[in-house]
Amino acid sequence: MTQPLILAIESSCDETAAAVVRGGTDVLSNVVSSQIESHKRFGGVVPEVASRHHVERITYVIDDALTEANVTIDDIDAIAVTEGPGLVGALLVGVSAAKALAFAHGKPLLGVHHIAGHIYANRLVQELEFPLVCLIASGGHTELIYMPEDGVYEVIGETRDDAAGEAYDKVARTLKLPYPGGPRIDQLAQTGQDTFHFPRIWLEKDSYDFSFSGLKSSVINAVHNAEQRGEVIIPEDLAASFQASVVEVLVAKAIRAVKEKGGKQLLLAGGVAANKGLRHGLTEACEREGITLVIPPMHLCGDNAAMIGAAAIHPYRAKRQSTLAMNAEPGLDLK
């Protein structure tokens, strides 16, 4: 059986990306054009700037992906694209490009949920075994997803306020660290100690939900109080204390979800999956509990198009095509 070639496009935030993936597992190319340098001076992503960069880069990135994979558009069996969620202007660039290619070349069009992409990035590491639980940790999302079977998602826990990555960025700004702040907090934490003992927010006894707003406020208050007293805060210790609180809650709830749901695997996905403290904490806990943990390599944790190509194989084989009426959906639900 010939494995389908899928050209995938991702433009939900500040990376313009395209990839060619064979059969949902074999990455022939994965091209990412980052905008970090453009947004660094603003301290975060500016939607209008992001959209304009996508317009400038999308055609080049797609051409590079095809060239790197040594294929032409005629060899491609389907066009996949991130439909949502994300920044509406950014999404529109990718969706418009995918629709134009699908129409011009008579290819099936596949709309993919951005979070589904992050989940299926793990399939590029090893085959998924269902049922499973996935911990999503990114700048905009912190969720626990239960998957009883391929392509079926049940959100069993989500953040009630700040996502984990969002809290990292806000704490980084408090410490006056340059954008992007999350990786810098993780780097500082590697040499610090948990001397502040910030609160762990567990919520209700049986809840899988998360809340990091209170933790973020505790960190900001600690910094402001120290400044008012003329005390010097050791950044490494503050970062380590903050990260210890985040990681402990994420790990504990993820492990409990796997055990209570009878999951065969625990997946980690999203930009915060690159966090060394979280990777180490989950690895230790899963080894202790005898749980199979799957974590994507660093280059597949951030936004990329290979993950979209991996997620697209299920709707392709199920013949669930999108129509040319497909639009960008910034608030798209995971179904």
Side-chain angles (χ1 to χ4, degrees), residues 3-8 10 12 15 17-32 65 68-69 80 82 110 112-138 141-153 164-165 182-183 186 247 250-251 254-255 257-258 261 263-317 334:
Q3 296 294 333
L5 280 179
I6 294 179
L7 171 63
E10 152 64 28
S12 64
E15 277 90 16
V20 177
V21 181
R22 179 188 285 122
T25 57
D26 186 11
V27 181
L28 303 187
S29 65
N30 188 25
V31 179
V32 180
E68 188 177 309
T82 302
L110 306 169
V112 175
H113 194 284
H114 181 73
I115 296 303
H118 277 300
I119 293 172
Y120 278 90
N122 287 280
R123 181 170 272 173
L124 300 174
V125 178
Q126 69 181 71
E127 190 53 52
L128 305 185
E129 296 181 34
F130 302 96
L132 60 79
V133 171
C134 183
L135 171 63
I136 305 290
S138 70
H141 302 268
T142 303
E143 299 172 331
L144 279 169
I145 310 292
Y146 173 64
M147 295 183 64
E149 58 186 271
D150 200 6
V152 178
Y153 312 93
D186 185 31
V247 169
L250 289 176
V251 170
I255 294 295
V258 175
K261 290 289 185 178
K264 294 181 179 179
Q265 292 176 328
L266 172 61
L267 313 185
L268 178 60
V272 182
N275 182 283
K276 292 180 180 178
L278 179 57
R279 294 167 82 96
H280 177 72
L282 276 175
T283 300
E284 277 196 338
C286 286
E287 288 177 352
R288 187 170 60 248
E289 299 290 341
I291 294 171
T292 300
L293 175 66
V294 186
I295 304 178
M298 292 291 193
H299 70 279
L300 293 176
C301 291
D303 292 348
N304 65 89
M307 69 183 196
I308 302 302
I313 195 66
H314 181 76
Y316 176 83
R317 287 175 173 158
L334 182 62

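In this chain, numbering begins with 1 at the start of the sequence shown.
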**Q** We want to know whether Gln265 and Thr292 form a side-chain donor-acceptor pair, criterion being a heavy-atom distance below 3.5 angstrom.
**A** no
**Q** Enumerate the side-chain hydrogen bond (donor to acceptor under 3.5 Å, both in side chains) contacts for residues 19-28, please, sequence neighbours excluded, ordered by first and then second residue.
**A**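 Pairs touching residues 19-28 that pass the test: Arg22-Asp26.
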**Q** Checking Ala80 now: which residues fulfil side chain to side chain contact (heavy atoms under 4.5 Å, CB included) with it, not counting sequence neighbours?
**A** Ile6, Ala8, Leu110, Val112, Ile308, Ala312
**Q** Please enumerate all residues that pass side chain to side chain donor-acceptor pair (under 3.5 Å) together with Glu129, with sequence neighbours excluded.
**A** none
**Q** So how far is it from Leu282 CG to Ile255 CD1, rounded to the nearest 0.5 Å?
**A**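 Output value for this atom pair is 6.5 Å.
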**Q** List for me each residue that meets side chain to side chain contact (heavy atoms under 4.5 Å, CB included) alongside Val32, sequence neighbours excluded, and say none if there are none.
**A**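 Result, side chain to side chain contact (heavy atoms under 4.5 Å, CB included) vs Val32: Glu15, Ala17, Asn30, Asn304.
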**Q** What pairs of residues pass the salt bridge (charged side-chain N to carboxylate O under 4.0 Å, His left out) test when at least one of them lies in residues 267-286, not counting sequence neighbours?
**A** none
**Q** Quick one: side chain to side chain donor-acceptor pair (under 3.5 Å) partners of Glu127, sequence neighbours excluded?
**A** Arg123
**Q** Under 3.5 Å, is there a donor-acceptor pair between the side chain of Asn122 and the main chain of Ile119?
**A** yes
**Q** Just jot down the side chain to side chain donor-acceptor pair (under 3.5 Å) partners of Thr142, sequence neighbours excluded, or say none.
**A** none
**Q** I'd like to check the side chain to side chain contact (heavy atoms under 4.5 Å, CB included) partners of Ala69; sequence neighbours left out, ordered by chain and number.
**A**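 Applying side chain to side chain contact (heavy atoms under 4.5 Å, CB included) to Ala69 gives Val20, Leu28, Ser29, Val71.
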**Q** Quick one: list whatever passes side chain to side chain donor-acceptor pair (under 3.5 Å) with Glu68, sequence neighbours left out.
**A** none
**Q** Can you name the side chain to side chain contact (heavy atoms under 4.5 Å, CB included) partners of Ala257, sequence neighbours left out?
**A** Val133, Leu144, Ile156, Tyr208
**Q** Output all residues satisfying ring pair (Phe, Tyr, Trp, His ring centres under 6.0 Å) with His114, sequence neighbours left out; order by chain, then residue number.
**A** His118
